[in-house]
Peer 1: 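Before anything else, here's the structure in question.
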Amino acid sequence: MNSDFIIYNTLTRTKEIFKPLVEGKVGLYVCGPTVYSDSHLGHARPNITFDLLFRYLTFLGYKVRYVRNITDVGHLEDEVEETGEDKISKKARLEQVEPMEVVQKYMNTFHHNMEQLNVLPPSIEPRASGHIIEQQLMIDSIVKNGFGYEANGSVYFDVEKYNQQYNYGKLSGRNLDDIKTNTRELDGQSEKKNSFDFALWKKASPEHIMRWPSKWSDGFPGWHLECSAMSTKYLGEQFDIHGGGMDLTFPHHECEIAQSTASLGHETVRYWMHNNMITIDGQKMARSLGNFITLQELFSGNHKLLKQAYSPMAIRFFILQAHYRSTIDFSNEALQASEKGLERLMNALKTLEELTTSEKSTIDISTPKEKCFAALNDDLNSPVAIAHLFDGVRMINSVKAGTEKISSTDLAELKSFYHSMVFDILGLKQEQTADSANNEILAGAVVLLIKLRNEAKANKDWATSDKIRNELNAIGVELKDTKEGVEWKLK
RNA sequence: GGUCUCUUGGCCGAGUGGCUAGGCAGCGGUCUGCAAAACCGUGUACGGCGGUUCGAAUCCGCCAGAGACCUCCA
């Protein structure tokens with residue numbers, strides 16, 4: 001690549017040329033899910049966005065260490081109850097359910113869903129529960145440096161003191177005075193010096209079952225701490241990119257900066273990247289609004305808002321068709337449009353394998369290619385890259401239709417470009433509809449029926465030929481009469 | 001209430017001070033026994049009102065509407 005890769009840095013609010021800390025290597029940390037319930041449509045966004053980043057950086061030749069955590073401690077207790085089928089008494093429930101059971105169950109679901117979406121696994125997937133010691137050590141250094149204080153077995157971060165020396169609010173564009181006047185006063189915060197101080201270590205209440213011993217109390221780490229501790233552990237005291245959803249900017253990422261700075265004396269992250277939200281009818285998806293759709297429901301179509309099932313690839317394509325920093329509004333219409341567009345793109349990839357070549361090309365294949373990469377280099381602009389991919393689709397179809405010609409060298413280049421862009425970078429794949437054994441039997445039967453239909457056609461017995469076509473269509477096999485003969489495929 | 005963002009053709013969505021993506025849907029045509037697919041042609045959209053400018057949908061102001069964060073959140 002001869003042009004620079006540019007990314008938007010939330011910290012500076014500008015697009016910056018990406019320069020890794022170490023030549024040829026990239027350290028990438030992304031906030032992963034809290035595994036207390038099924039993964040939902042919202043989880044698809046950051047994971048696909050940063051999967052694209054991971055894939056593209058890799059394609060550019062970087063050796064990427066991608067760390068994405070699993071949050072499996074902290075506020076888990078409350079959430080377990082909220083999944084509430086019915087109101088089993090708290091105590092009974094806590095006695096019956098091992099928290100790690102909940103964690104394991106939803107972590108498995110998450111992994112399965114990510115695989116369906118063709119999201120590559122990260123290089124390291126650390127769990128907060130496995131890094132309690134690292135977190136405790138970090139608390140030690142924060143306290144030692146004077147930015148943390150103990151109160152009644154819990155440890156809090158002293159935001160006001162930190163802000164005297166550093167800038168609390170630099171990422172989210174807030175200043176402490178505003179926060180002071182606008183933070184809601186909540187009950188039970190009396191042990192904190194200020195309401196905006198946040199917990200580094202929380203003493204566990206008697207019924208809280210996830211707890212670890214410490215010199216302060218039996219308790220659990222504060223919810224911002226894991227990312228600071230684990231990113232530093234695996235990527236070093238300074239690393240390239242930290243990603244996550246926009247809703248994490250404040251307070252989560254702001255607190256991460258404060259913790260790391262308070263502990264190490266300097267910031268760790270060079271580029272902050274934030275993906276925007278998915279909305280439904282213009283509103284963020286939330287349990288309380290009743291517009292919450294899990295990935296499982298999306299793939300099966302089993303939800304009142306869904307008119308049909310949507311394949312994982314249709315969801316992936318839908319998300320890639322919007323820029324990651326824009327909100328994207330969910331609707332059946334939009335998803336159906338993506339589904340059809342994806343089909344068109346994937347058909348063109350099959351067509352690419354069947355094209356006949358000519359002496360000279362009448363098309364310029366370098367244009368879509370260059371524009372595609374230019375788009376990705378410009379802050380990962382996947383929608384524009386896809387637009388240029390469709391320009392190429394028109395070329396491919398024109399060659400097939402015979403209105404344009406392509407040389408063998410151009411065809412080879414075009415194939416290689418489409419394979420890299422569509423499969424390796426965008427991470428799309430042809431969907432499998434049946435296993436290969438079934439396919440063989442099915443193919444034999446379909447070929448036989450096509451043969452019978454051809455005989456009927458030869459006799460101008462349109463009733464029979466249409467019947468065969470319609471019946472096959474009804475069970476999911478689509479026939480097309482082309483100049484080269486009859487083509488068929490599973491719908 | 002505070003901070004911030006957004007408002008693009010039927011739908012989704014890029015982009016940008018003049019050369020005005022793309023997908024889906026629609027319409028007309030070619031092809032076909034018909035259909036499908038494919039191909040060709042077709043839409044001067046940028047919330048409203050002012051201002052700056054030779055020129056703004058793109059910059060500025062005001063108004064209206066929507067949303068995000070401020071509490072767990074992707």
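Side chains included, hydrogens not; waters and symmetry mates left out as well; all remaining heavy atoms used. Just so it is clear, the model here is predicted, and its values are computed rather than measured.
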Peer 1: Using atom CD1 of A:Ile319 as one end and atom C1' of B:C12 as the other, report the distance to the nearest whole Å.
Peer 2: 14 Å
Peer 1: Which of the following nucleotides, B:C73, B:A37, B:C39, is nearest to the side chain of A:Leu248?
Peer 2: B:C73
Peer 1: For the C1' atoms, the ones on B:G9 and on B:G15, what distance do you get once it is rounded to whole angstrom?
Peer 2: 15 Å
Peer 1: In whole Å, what separates the P atom of B:G17 from that of B:C59?
Peer 2: 8 Å
Peer 1: Just name whichever nucleotide pairs with B:G50, Watson-Crick or G-U, keeping both distances under 3.5 Å, else none.
Peer 2: B:C60
Peer 1: Check whether any side-chain nitrogen or oxygen of A:Asn275 sits under 4.0 Å from OP1 or OP2 of B:A74, and answer yes or no.
Peer 2: no
Peer 1: Are A:Tyr324 and A:Asp379 close enough that a side-chain donor and a side-chain acceptor fall under 3.5 Å?
Peer 2: yes
Peer 1: What distance separates A:Lys369 NZ from A:Phe373 CZ, expressed to the nearest 0.5 Å?
Peer 2: 6.5 Å
Peer 1: When rounded to the nearest Å, what value does the distance between P atoms of B:C63 and B:A68 take?
Peer 2: 22 Å
Peer 1: Please determine whether a side-chain nitrogen or oxygen atom of A:Ser326 lies at a distance below 4.0 Å from atom OP1 or OP2 of B:A14.
Peer 2: yes
Peer 1: Does the base of B:A36 carry an N or O that pairs as donor and acceptor with the side chain of A:Arg469 under 3.5 Å?
Peer 2: no
Peer 1: What does A:Lys284 touch in the nucleic acid at a heavy-atom separation under 4.0 angstrom: a base, only the sugar-phosphate, or nothing?
Peer 2: base
Peer 1: Could you please name the option among B:U71, B:A74, B:A36 that lies closest to any side-chain atom of A:His43?
Peer 2: B:A74
Peer 1: Taking B:G26 as the reference, what is the distance to B:G10 when you measure between their P atoms (whole Å, please)?
Peer 2: 15 Å
Peer 1: Considering every strand shown, what is the Watson-Crick or G-U wobble mate of B:A45 when both distances are under 3.5 Å?
Peer 2: none
Peer 1: Choosing from B:C12, B:A74, B:U71, which nucleotide comes nearest the side chain of A:Phe318?
Peer 2: B:C12
Peer 1: Compare the minimum distances between each of B:G22, B:A14, B:A37 and the side chain of A:Ala322, then state the nucleotide with the smallest one.
Peer 2: B:A14
Peer 1: Measuring only the C1' atom in each nucleotide, how far is B:G65 from B:G22? A whole number of Å is fine.
Peer 2: 28 Å
Peer 1: At under 4.0 Å between heavy atoms, what does A:Leu335 touch on the DNA or RNA strands: base, sugar-phosphate, or nothing?
Peer 2: nothing
Peer 1: Using only side-chain N and O atoms of A:Arg453, determine if any of them is under 4.0 Å from OP1 or OP2 of B:A35.
Peer 2: no
Peer 1: Could you tell me how far apart A:Ile315 (CD1) and B:C12 (P) are, to the nearest whole angstrom?
Peer 2: 16 Å
Peer 1: Take A:Phe317 and A:Asn397, find for each the nucleotide of RNA chain B with the closest heavy atom, and name the residue whose nucleotide sits nearer the 5' end.
Peer 2: A:Phe317
Peer 1: Going by ring centres under 5.5 Å and near-parallel planes (under 30°), is A:Trp462 stacked on B:G33?
Peer 2: yes
Peer 1: Need one value for A:Asn347: base, sugar-phosphate or nothing, where a base atom within 4.0 Å counts as base even if backbone is also close, heavy atoms only.
Peer 2: nothing
Peer 1: Picking from B:C40, B:G13, B:C73, which would you name as closest to the side chain of A:Ser398?
Peer 2: B:C40
Peer 1: Is A:Asp466 side chain donor-acceptor paired with the B:G33 base, going by distance under 3.5 Å alone?
Peer 2: yes
Peer 1: In this structure, how many angstroms lie between the C1' atom of B:A74 and the OH atom of A:Tyr36, rounded?
Peer 2: 10 Å
Peer 1: Starting at NE2 of A:His252 and ending at P of B:C70, how long is that distance when rounded to a whole Å?
Peer 2: 13 Å
Peer 1: Please state how far atom CG in A:Leu53 lies from atom C1' in B:A74, giving the value in whole angstrom units.
Peer 2: 16 Å
Peer 1: Evaluate side chain to side chain donor-acceptor pair (under 3.5 Å) for A:Glu370 paired with A:His388, printing each intermediate quantity in order.
Peer 2: CA-CA 9 Å; A:Glu370 282 163 14; A:His388 294 300; over 6 Å; no
Peer 1: Give a yes/no answer on whether the side chain of A:Arg344 brings an N or O atom under 4.0 Å of OP1 or OP2 in B:G23.
Peer 2: yes
Peer 1: Using a 3.5 Å distance criterion without hydrogens, assess whether the side chain of A:Arg453 forms a donor-acceptor pair with backbone atoms of A:Ser465.
Peer 2: yes
Peer 1: Can you check the distance between B:A56 and B:A45, where both ends of the measurement are the P atom (answer in whole Å)?
Peer 2: 14 Å
Peer 1: Is there a Watson-Crick or G-U wobble partner for B:G65 with both distances under 3.5 Å, and if so, which one is it?
Peer 2: B:C6
Peer 1: Any idea which of B:G23, B:A37, B:A25 is nearest the A:Lys340 side chain?
Peer 2: B:A25
Peer 1: Provide the distance between the two C1' atoms, one in B:A14 and one in B:C24, to the nearest whole Å.
Peer 2: 15 Å
Peer 1: Report yes if at least one side-chain N or O of A:Gln283 is closer than 4.0 Å to OP1 or OP2 of B:G67; otherwise report no.
Peer 2: yes
Peer 1: Whom does B:U16 pair with, Watson-Crick or G-U wobble, provided both distances fall under 3.5 Å?
Peer 2: none
Peer 1: Please classify the nucleic acid contact of A:Ile328 as base, sugar-phosphate, or nothing, using heavy-atom distances under 4.0 Å.
Peer 2: sugar-phosphate
Peer 1: Which part of the nucleic acid, if any, lies within reach of A:Ala387 when heavy atoms closer than 4.0 Å are counted: base, sugar-phosphate only, or nothing?
Peer 2: base
Peer 1: Just the rounded figure in Å: distance from C1' of B:A25 to CG of A:Asn332.
Peer 2: 15 Å
Peer 1: Hey, is the main chain of A:Thr249 close enough, under 3.5 Å, to the side chain of A:Ser172 for a donor-acceptor pair?
Peer 2: no
Peer 1: Counting only side-chain heavy atoms from C-beta out, which of B:A14, B:C69, B:C34 sits nearest to A:Asn381?
Peer 2: B:A14
Peer 1: Would you mind checking if A:Lys15 and A:Asp378 are paired as a salt bridge, meaning a charged N to carboxylate O distance below 4.0 Å?
Peer 2: yes
Peer 1: Tell me whether the guanidinium CZ or amine NZ of A:Arg325 lies under 6.0 angstrom from the six-membered ring centre of A:Tyr8 and within 45° of its axis.
Peer 2: yes
Peer 1: Taking the side chain from A:Asp197 and the backbone from A:Val159, do they hold a donor-acceptor pair closer than 3.5 Å?
Peer 2: yes
Peer 1: Under 4.0 Å, heavy atoms only, any strand: does A:Gln336 hit a base, just the sugar-phosphate, or nothing?
Peer 2: nothing
Peer 1: Is A:Arg325 close enough to B:C4 that one of its side-chain N or O atoms is under 4.0 Å from OP1 or OP2 there?
Peer 2: no
Peer 1: If you look at every strand shown and take non-hydrogen atoms under 4.0 Å, does A:Asp329 touch a base, only sugar-phosphate, or nothing?
Peer 2: sugar-phosphate
Peer 1: What integer distance in Å separates A:Gln321:CD from B:A21:C1'?
Peer 2: 12 Å
Peer 1: Please give, in whole Å, the distance from B:A38 C1' to A:Leu345 CG?
Peer 2: 16 Å
Peer 1: Are A:Arg174 and A:Phe250 in a cation-pi setup, meaning NZ or CZ lies under 6.0 angstrom from the ring centre and within 45 degrees of the ring axis?
Peer 2: yes
Peer 1: Run the salt-bridge test on A:Glu478 and A:Arg469 with the 4.0 Å N-O cut-off and return the result as yes or no.
Peer 2: no
Peer 1: If each of A:Thr279 and A:Lys480 is mapped to the nucleotide of RNA chain B with the nearest heavy atom, which maps nearer the 5' terminus, i.e. the 5' end?
Peer 2: A:Lys480
Peer 1: Which part of the nucleic acid does A:Gly42 contact within heavy-atom distance under 4.0 Å: base, sugar-phosphate only, or nothing?
Peer 2: base
Peer 1: Looking at B:C39, does its base get a donor-acceptor pair with the side chain of A:Lys400 below 3.5 Å?
Peer 2: no
Peer 1: Given the C1' atoms of B:C60 and B:C27, what is the spacing between them in whole Å?
Peer 2: 41 Å
Peer 1: From C-beta outward on A:Ile278, which listed nucleotide comes closest to its side chain: B:C24, B:A74, B:C70?
Peer 2: B:A74
Peer 1: B:A38, B:A14, B:C70: which one has an atom nearest the side-chain heavy atoms of A:Pro251?
Peer 2: B:C70
